[in-house]
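Just below is one structure, and these are the notes that go with it.
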Amino acid sequence: MTRVKNRAARGRLHGWGGVTGMAVACVVTASLTLLPLAHGDGTFGGRSAGHDASASMPDRAETCKDPEASVPASDADGPSIEKIKQRGKLIAGVDQNSFQWGYRNPESRTLEGFDIDLVRAIAEDILGDRDAVIFRAIPTNQRIAALEHDKVDVVVRTMTINCERAGQVAFSTAYFQAGQQVLAPKESSIEGYDKSLKGKRVCTAEGSTAYDALNEESFGAVFRDEHDETGLDEDLLTVPNQLDCLVRLQLGEVDAVVTDNALAAGQAAQDPAVELKGDKPFTTEYYGVAAKLGADDLVARVNHVLDDYRRGGDDSPWMTSYREWLATGLPGITGPPAPKYRSN
Amino acid sequence: MTYPPSGTAPREPGTDRSSAPVTVPAQRGGVRTAAERLRAAATTEPGRLRIAGAALALLVVAFGAVTFLEISGRASSADDVVTRSQPLSADAARIYRSLADADTMAASGFLAGAQEPPDVLARYDADIKEASRLLVEAAASTDASTSSHREITTLSEQLPEYTGLVERARANNRQGLPLGGAYLRYANQKMTAELLPAAERLYAAETGRLAADSADARQFPFLSLGAGVVALAALVWMQRRNYRRTNRVFNHGLLAATAAAAVVLLWLAVGHTLARADLRSATVHGQESLDVLNKARINSLKARSNENLTLVARGAVLTPDGTDQYETDYSTGMKELGAQLRSAEELADDLTGSEPVGRAIDSVSEWQERHKKARTTDDRGEYDSALQQIIGPENSTGQSFERVDDALEKALAHEQDEFDAAAEDGRGALGGLPIGAAVLAVLGAAAAVVGVNRRLSEYR
């Protein structure tokens, strides 16, 4: 349309008249096409994605004072236990990429690690067979969804107990004390979770505690992908699995990784050129076994298993498993964290 | 024969008359006298004959020249189809396939354990070598300004990155470190998000060029045909005029000129129609089948890759709604593959073409059945058994995949032969036409002049 108009104008008017005519035509067409855009922009409003999540947070924090407190241990049967017994197999959501926690040994092709030992102990208690387990590998951001959709009975997957999650799943008593820590190359100028992170590219797993921690205080670190939490996520700084962070780190695409020290130790065990930075974790977290919200009979049973698991001092199953998998990466731990139970 | 001066003269007054009155003095006199002479000549019969003879010769020569130029263009496009754009398109398809195949092999070898099977390793190496070699060749035969060249650059830059990631995956896997699986997934991400799309765009660009060349060659030669009709009509008119004035039926020179022009016109019409038909058949029966089959093959490779990665990743990457990303990609790929094979079967126009496609379709359904079983096994938690059902030597999805791949390779080879034969025929149909048209036109023009001179001599 405009081109035709312009040509007509050029035909009628010559010299300056023509130029002016064209200029006028351009301005008119430009304003006509741009104006609706300017209006539309106004109606779109700001990004609202983050608002809902943060608005609901304080709510939960008020009702949740002590997320580590779980239902009292019991070996009584209930509907959830009954379901597992009928099936004859416990379905456990685990990780297969967490070295020393839950990982598939390519040589023996079996899953191994501290979490796997615990799952087997639960299966032995409920079903009398430590091999009566179906392991399902689930990624970090699907742990809760897998429980909600009944894809798994329990998640034993280095899962941190916190208030937000305590409203979505039922946690057992804590079976491990961990904390977020920074992992970086040994020569790196990064010293820990502090100002040395400024301007550095930091990798975290999508939906992880580490990501939330950076969201609250990042010390100027770059840690978000442009399209986080959408289908277009670039998977550069936030990745599906914490181990993907070590890949990015080795390739020089990120400068540091923030994750649980327990997982970070597993990463350091696979790469002698990186180490945990800072004296100790900058948070204190507890790992718990998660079950579907409301499956209190199963949680009580798991707590019962954990009681047995912790018992026995240095020769307890807990310490045996610790020495086998974790002592090299995380030395100096003398025993499991003490269980906390709800008073009511 | 004694004509040249007035042979060129008739055109100039025609163009000059409108703008003549203005200046430019020097040559004006010459032109004006020539124009006056021509006007004077047109008043006598010998003069009119001279002018008509010149015009006839000119028309016949022009017909020959236009035919020569136009058909040379068509013939060179047809030649491009056979010797340039089809091979380049086939090479682009081969680059695309090699890359997809390499990715499939990398995942298969990885799944087999720390010690990768030698045949899988060898196939991966061959794929990478072929892709690198073809990229170098393609770079040499593409213009630096084209989009194809951009894609080739992207591919050449990314390929070493990809192989680097695969090597890291292997090194870590060999040590039993789970990091290997993470590297393999990253390599696959590079392949599917960057390399394969670039290869696909390259293939599309080269195939587009092939279609354009073929369309150019098939374009109807309107100018030549028009010129031929005009020349023939003028010759007939001249002979009719002769007949009316002299009552003589035949003038040998003019008759020969008419024959020459008619032969050229016929040759032109038949030759190009044949070439059109052949090139069209190459496009319809060959290229369209090749295109669908190439895409089907890529999809089968991608599906196989995703199937393998489902076992490597085991839920490490999920879609937003919580299903396994690789399994979802496998399903979409297989669906596309099925649709493409069905349309390939429809396109196949003989038994040799449809037989391998039919086999591929059967193998695909076998593959899907086995895949479903393997998934159920894996979901039960029996990883080892599921692994055997995927990469084992017998009754595995891997076996079905190989069958699909073999069948598609056969079908592709057949369609390529069909294309080559038809395109070669099309190119042949235009062979000799430009030169023949030029020679016949010159002879025809000469004959026309001789014929008119014969009439003219009667006035001396």
Side-chain angles (χ1 to χ4, degrees), chain A residues 89-113 131-142 144-146 148-149 151-152 205-206 229-231 233-235 239-248 250-251 253 266-267 269-271, chain B residues 109-116 161 164-165 168-190 192-194 310-328 376-388 391:
Chain A
K89 295 247 181 189
L90 173 73
I91 305 179
V94 296
D95 195 350
Q96 67 160 3
N97 296 320
S98 290
F99 202 40
Q100 316 296 42
W101 285 90
Y103 85 109
R104 184 171 295 282
N105 184 332
E107 225 171 293
S108 63
R109 289 199 182 138
T110 53
L111 285 159
E112 298 177 348
D131 292 324
V133 184
I134 296 171
F135 289 106
R136 294 240 164 103
I138 48 171
T140 309
N141 61 354
Q142 291 301 318
I144 293 167
E148 283 174 347
H149 297 137
K151 288 199 168 175
V152 295
E206 285 151 13
E229 288 169 46
T230 70
D233 191 351
E234 291 87 350
D235 286 349
V239 292
N241 191 287
Q242 47 90 17
L243 193 59
D244 295 332
C245 279
L246 185 57
V247 167
R248 308 305 192 260
Q250 288 189 348
L251 293 170
E253 293 171 11
Q267 294 188 13
Q270 297 184 66
D271 181 357
Chain B
F110 189 95
L111 269 182
Q115 183 62 51
E116 301 196 19
E161 261 185 60
L165 289 172
R168 280 173 184 246
R170 286 175 174 168
N172 280 291
N173 196 38
R174 223 177 157 88
Q175 295 177 66
L177 300 176
L179 191 56
Y183 265 113
L184 190 73
R185 284 191 290 108
Y186 198 36
N188 169 264
Q189 190 186 326
K190 269 248 147 52
T192 47
E194 285 164 42
T310 311
L311 281 191
V312 171
R314 290 182 61 86
V317 184
L318 276 90
T319 57
D321 57 357
T323 51
D324 190 278
Q325 181 76 58
Y326 298 111
E327 176 65 14
T328 311
T376 321
T377 313
D378 190 32
D379 285 344
R380 274 205 307 272
E382 294 166 29
Y383 180 83
D384 272 337
S385 167
L387 188 67
Q388 278 314 305
I391 64 164

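Convention: sequence-line order gives letters A, B, ...; per-chain numbering from 1.
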So how far is it from B:Tyr186 OH to A:Gln250 CD, rounded to the nearest 0.5 Å? 12.0 Å
Tell me, for A:Glu253 versus chain B, whether the close heavy atoms (under 4.5 Å) come from the side chain, the backbone, both or neither. side chain
Provide the closest heavy-atom pair for B:Pro178 versus A:Phe99 in the form atom of the first, atom of the second, distance. CD-CD1, 3.4 Å
Between B:Gly164, B:Ala193, B:Ala182, the one whose heavy-atom pairs under 4.5 Å with chain A are most numerous: B:Ala182
Main chain of B:Leu179, side chain of A:Gln270: is a donor-acceptor contact present, judged purely on distance under 3.5 Å? yes
Separation of B:Tyr183 OH from A:Leu246 CG (nearest 0.5 Å): 6.5 Å
Side chain / backbone / both / neither for B:Leu111 at chain A, heavy atoms under 4.5 Å: backbone
Answer whether the closest heavy-atom distance between the side chains of A:Asp271 and B:Leu177 falls below 4.5 Å. no
From A:Asn241 CG over to B:Arg185 CZ, what is the distance, rounded to the nearest 0.5 angstrom? 5.5 Å
Go through the atoms of B:Gln189 and report whether side chain, backbone, both or neither lie under 4.5 Å from a heavy atom of chain A. side chain
Under 4.5 Å heavy-atom distance to chain A, tell me which part of B:Ala187 shows up: side chain, backbone, both or neither. neither
